[in-house]
Amino acid sequence: MADSTPSFSPLSFLCFFAALFLILESKFLSVIAGDGSEALDSCNEDISTFLPVPFSNTSGLSCHRVWNTFVLRFSQTDDHIVTIVLSAEYTNGWVGMGFSKDGTMVGSSAMVGWIGKTGRAALKQYYLRGYSASEVISNKGELPLTNIPPAVVLYGAKIYLAYQLKFTNRLTEQAIILAFGSATPIHYKLSKHDDTITIRFDFSGAANNPQNIEKMKKSHGALGLIGWGVILPAGTMVARYCRHWVLKWYYLHTFIQFVGFLIGLAAVVSGKVLFDRAHINVAAHRGIGIFVFVLTILQVLAFFLQPNKDSKIRRYWNWYHHWVGRLLLILGAVNIIIGSCGEDRDCSFARISLPILFIIYFTCAILEVMFCFGAYRRKHDAPAIEVNQIGS
């Protein structure tokens, strides 16, 4: 009886993934070459219509999305006057930006703004002497404010904090603290923040180009999707469904997985650079990504530690290799889905990643059904062996 196990030639298998790779390449080339318009939407707002002078002069302002909905606009003159306009989505509570000498909260100075319950706007400097509310002191701090009055404006769904600082030297890379709280201050007493982050921001503007950041994000996503979403599953399918290729399947499986590992490594490196430069931290995506990369390294090490077929521990090595590989692929797909919607909840990348993941894993499911059905047929359609019954 004919064997119903999937039987593909190496050429047809490679042609399938070559065609899929070409589709990926065409998609990602257009994505990576984009102008990053999604992240620039906030920067395209015309703030000159509602902010007072001199903050309404936007000609020299550089704009960068720094964290969640926080957008930082700034300019710096030759005499070291820094104009800052910080905006964020706002419903109630307070929004703040601090300057830190060593990256920690204690000892830093911050500008905090809010809209009071009566609709009155407030913007105060605070000195963060400690962690308790009593040690956050209003109208104190070391920020060198100019004589230009600071301004707070609620426009639409966003709050805008605008102020000027004059430094003795040019401001370059600086640790800044961003935070917000949901409770409106009473008598200028700040409640504990709901969330906060400390980042290093380059006020020279060289490392904060938003278009470069968007290209880095899309490059990171493309590398992760191709490496863990396409190449590694392809190599796994070769090992699972193409054993009839004799030794060809082994060498092809090894080569494909090694290529997938290198692309995954590039994805991890680009993610680290993205985290350092753009301060993007999707905690779940980052944690799962590190774990998946560790599993990938273990799989590579397992290749070099592979015992001989006749070894007593070969069975256990096979169990480890198969199940760690399956876990790696599952978590890799989950992490791609999580990463498709970044911290700004921009899910445009998901329109590319989800269909590709569906094609890959749907193909794998079909092959698995065919494989299991073929094994079942071979088991139950085997010719019966007649046995002479003695004494019947």
Side-chain angles (χ1 to χ4, degrees), residues 3 5-8 10 13-14 16-17 223-269 271-272 283-339 353 356-376 378-379:
D3 188 358
T5 304
S7 179
F8 307 113
F13 190 88
L14 291 177
F16 170 77
F17 283 101
L223 289 170
L225 178 57
I226 294 174
W228 281 308
V230 176
I231 303 297
L232 291 183
T236 302
M237 283 189 271
V238 168
R240 176 71 171 168
Y241 310 118
C242 302
R243 294 295 183 100
H244 55 280
W245 293 353
V246 194
L247 288 179
K248 292 179 182 178
W249 76 264
Y250 177 78
Y251 295 117
L252 187 58
H253 168 70
T254 302
F255 173 76
I256 293 176
Q257 299 305 80
F258 185 69
V259 171
F261 167 74
L262 293 180
I263 297 177
L265 174 61
V268 171
V269 172
K272 179 64 168 62
H285 176 67
R286 187 165 180 255
I288 296 176
I290 293 173
F291 183 61
V292 168
F293 183 60
V294 170
L295 293 181
T296 308
I297 294 176
L298 292 177
Q299 289 291 77
V300 173
L301 293 177
F303 169 77
F304 295 102
L305 300 176
Q306 182 178 0
N308 188 278
K309 288 184 178 181
D310 299 328
S311 174
K312 294 181 179 180
I313 64 173
R314 178 59 180 257
R315 178 197 306 177
Y316 304 105
W317 182 91
N318 286 335
W319 290 347
Y320 157 80
H321 184 63
H322 294 164
W323 287 105
V324 170
R326 292 184 178 104
L327 179 62
L328 189 158
L329 294 180
I330 294 173
L331 290 180
V334 170
N335 206 37
I336 291 170
I337 295 173
I338 294 175
S353 61
I356 291 173
L357 289 176
F358 175 79
I359 292 172
I360 292 295
Y361 283 90
F362 181 76
T363 301
C364 186
I366 294 298
L367 292 176
E368 184 66 19
V369 170
M370 295 171 63
F371 181 84
C372 294
F373 183 71
Y376 177 85
R378 289 196 304 273
K379 178 180 178 181

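In this text the structure is predicted, and so the values were computed from the model without any measurement.
- Rounding to the nearest 0.5 angstrom, the gap separating the NZ atom in Lys272 from the CD1 atom in Ile290 is 9.5 Å.
- The side chain to side chain donor-acceptor pair (under 3.5 Å) contacts involving residues 249-261 comprise Tyr250-Gln306, where partners must be two or more places apart or lie in separate chains.
- The side-chain contact (heavy atoms from CB on, under 4.5 Å) test applied to Phe291 returns Leu295, Leu327, Leu331, not counting sequence neighbours.
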Assess whether side-chain contact (heavy atoms from CB on, under 4.5 Å) is satisfied between Leu357 and Leu225, documenting all intermediate values.
CA-CA 8 Å; Leu357 289 176; Leu225 178 57; 4.0 Å; yes
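- Every residue was checked against the side-chain hydrogen bond (donor to acceptor under 3.5 Å, both in side chains) condition with Tyr320, not counting sequence neighbours, and none meets it.
- Take Arg314 and apply the side-chain hydrogen bond (donor to acceptor under 3.5 Å, both in side chains) test, not counting sequence neighbours, and it matches Asn318.
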For Phe261 and Ile297: C-alpha separation, side-chain torsions, deciding distance, then whether side-chain contact (heavy atoms from CB on, under 4.5 Å) applies.
CA-CA 8 Å; Phe261 167 74; Ile297 294 176; 4.1 Å; yes
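- Distance check: Ile336 CD1 to Ile226 CD1 gives 10.0 Å after rounding to the nearest 0.5 Å.
- Across all their heavy atoms, Thr363 and Ile359 have their closest contact at OG1-O, 2.7 Å.
- To the nearest 0.5 Å, atoms CG (Leu329) and CG (Leu232) are separated by 6.5 Å.
- Here the straight-line distance linking atom CG of Leu298 with atom CZ of Phe293 works out to 10.5 Å at 0.5 Å rounding.
- Once rounded to the nearest 0.5 Å, the distance linking CZ of Phe304 with CG of Leu301 reads 8.0 Å.
- A distance of 12.0 Å separates CG in Asn308 from CH2 in Trp317, rounded to the nearest 0.5 Å.
- In this structure, the side-chain hydrogen bond (donor to acceptor under 3.5 Å, both in side chains) partners of His285, at least two apart in sequence or on a different chain, are Asn335.
- For residues 358-373, every residue pair satisfying the salt bridge (Lys or Arg N to Asp or Glu O under 4.0 Å) rule, not counting sequence neighbours, is listed here: Arg240-Glu368.
- Closest approach of Ala267 and Gly224 over heavy atoms only: CB-N, 3.6 Å.
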